[in-house]
2 protein chains.
Amino acid sequence: MGATKTDHFTDKQNELAIILKALAHPARIAIVEYLLTVNTCICGDIVNELPLAQPTVSQHLKELKNAELIQGNIEGNAVCYCINPKTFKKLEKLMDVLFKSIKKQKTTCC
Amino acid sequence: MGATKTDHFTDKQNELAIILKALAHPARIAIVEYLLTVNTCICGDIVNELPLAQPTVSQHLKELKNAELIQGNIEGNAVCYCINPKTFKKLEKLMDVLFKSIKKQKTTCC
DNA sequence: ATTTAATATTGTAATATTACGATAAACGAT
DNA sequence: ATCGTTTATCGTAATATTACAATATTAAAT
């Protein structure tokens, strides 16, 4: 016990859960929003922007990168980060299925 | 250390993170999807539907209820659950801001 | 009043997340 | 080669999440 029983759920359910989980932290939302305003920046810029220590920011960046929500390219001794629109589009599609289902529902509740 | 530093982020960032976190588990996505197909059901139906023990399902339902993604109405000795469309619409609006920003971005990356 | 059925809560073990200091690794500049 | 800059990783403490057995609660049925 303790670990999520991913085996028992569908691939789509697990995939959506992984992307949502990567976004489900205010620091990571802030990073994404920041990247959307500046388009591109190095890790140090994000460290300056957030009220968190450098290793913490680095860890959040790693999680966003693992979920493929962002991309990091090495530029000399710095790393240039940016949004990976592909994953966001995938997320949008998955969420759209949910949102459309909700709009189709007629009964409010029991 | 250990706890999320919610104080340092905006209300919107925290609000979105809380809703996403509530959805960011395959079991809870499965519950939401199931509720969307049946519109309304009692807790026991969800327990039968999922590969999880009754207390685990009850805990997931509580989290979805805390985030106001679902609603639970007492019906005799059973509890009738259903989707709360309001929160999903709020989520859709918050996500739409992100998705639109991504579409506006011209530069792919560094 | 007792029994049955449906949920919730409590307690707890296993695991995961969050945060950061200390340190390492990688590169450019001197 | 050494130094400064930038980022990642390691180690670790605090906290949160996930899961379930056992138990409690609630209400209907007998």
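Throughout, protein chains are lettered first and strands after them, A, B, ... in sequence-line order, and every chain is numbered starting at 1.
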Taking only N and O in the side chain of His60(A), is any of them less than 4.0 Å away from OP1 or OP2 of dA19(C)? yes

Under the rule for disulfide bond (SG atoms under 2.5 Å apart), what residues qualify as partners of Cys43(A), not counting sequence neighbours? none

5'-most contact on DNA chain C (nearest-nucleotide basis), His25(A) vs Pro55(A), goes to His25(A)

Counterpart residues, salt bridge (Lys or Arg N to Asp or Glu O under 4.0 Å), relative to Lys90(A) (two or more places apart): Glu15(A)

In whole angstrom, what separates Lys21(A)'s NZ from dT15(C)'s P? 14 Å

What nucleotide, of dG11(D), dT7(C), dT7(D), holds the atom closest to the side chain of Gln59(A)? dG11(D)

Roughly, in whole Å, what's the span from NZ in Lys62(A) to P in dT6(D)? 22 Å

side-chain hydrogen bond (donor to acceptor under 3.5 Å, both in side chains) against Lys103(B), all qualifying residues, sequence neighbours excluded: Glu92(A)

Under 3.5 Å, sequence neighbours excluded: what are the donor-acceptor pairs made by side chains of residues 16-26 of chain B?
residue: His25(B); atom: ND1; partner: Ala27(B); partner atom: N; Å: 3.0
residue: His25(B); atom: NE2; partner: Thr4(A); partner atom: OG1; Å: 3.4

For Leu69(B) and Arg28(B), run side chain to side chain contact (heavy atoms under 4.5 Å, CB included): C-alpha distance rounded to whole Å, both residues' side-chain angles, the deciding distance at 0.1 Å, then the answer. CA-CA 10 Å; Leu69(B) 285 166; Arg28(B) 295 195 288 271; over 6 Å; no

Side-chain atoms of Lys65(A) come closest, of dT15(D), dA8(D), dA19(C), to dA8(D)

With sequence neighbours left out, which residue pairs that include part of residues 49-59 of chain A fulfil the side chain to side chain donor-acceptor pair (under 3.5 Å) condition? none

Counting only heavy atoms and a strict 4.0 angstrom limit, can you tell me which residues of residues 27-38 of chain B come near DNA chain C? none

Nearest-nucleotide comparison on DNA chain C, the residue closer to the 5′ end among Ala24(A) and Cys43(B): Cys43(B)

Reckon Thr56(A) has a side-chain N or O less than 4.0 Å from the OP1 or OP2 of dT18(C)? no

Going 5' to 3' through nucleotides 23-30 of chain C, assign each nucleotide B (protein heavy atom under 4.0 Å from a base atom), S (under 4.0 Å only from sugar-phosphate atoms) or - (no protein heavy atom that close). ----B---

By salt bridge (Lys or Arg N to Asp or Glu O under 4.0 Å) - contacts of Lys104(A) (at least two apart): none

Should we say atom CG of Asp11(A) is surrounded by more than 12 heavy atoms from elsewhere, each under 6.0 Å from it? no

Those residues that, when tested against Lys12(A), pass salt bridge (Lys or Arg N to Asp or Glu O under 4.0 Å) (two or more places apart): none

Sequence-distant partners of Lys65(A), side-chain contact (heavy atoms from CB on, under 4.5 Å), two or more places apart: Ile70(A), Tyr81(A)

Phosphate oxygens OP1/OP2 of dA6(C): is one of them under 4.0 Å from a side-chain N or O of Tyr81(B)? no

Euclidean distance, atom CD1 of residue Ile18(B) to atom P of dT17(C) [Å, nearest integer]: 18 Å

Write down the distance between CD1 (Ile42(A)) and C1' (dT7(D)), rounded to a whole number of angstrom. 9 Å

Selection: residues 7-16 of chain A, any non-hydrogen atom under 4.0 Å of DNA chain C: none

When you get a sec, tell me which of dT7(D), dT7(C), dT15(D) is the closest nucleotide to the side chain of Ala78(A)? dT7(D)

Rounded to whole Å, how long is the line connecting atom CD of Glu49(A) with atom C1' of dT6(D)? 18 Å

Starting from P on dT18(C), measure out to CG on Leu61(A) and report it in whole angstrom. 13 Å

In whole Å, I'd like the distance from the CD1 atom of Ile46(A) to the C1' atom of dA8(D). 14 Å

Not counting sequence neighbours, which residues clear salt bridge (Lys or Arg N to Asp or Glu O under 4.0 Å) with Asp96(A)? List them please. Lys100(A)

Could you walk me through whether Leu98(B) and Leu94(B) pass the side chain to side chain contact (heavy atoms under 4.5 Å, CB included) check? CA-CA 7 Å; Leu98(B) 277 190; Leu94(B) 290 168; over 6 Å; no

Distance in angstrom units between Glu63(A) CD and dT9(D) P, rounded: 13 Å

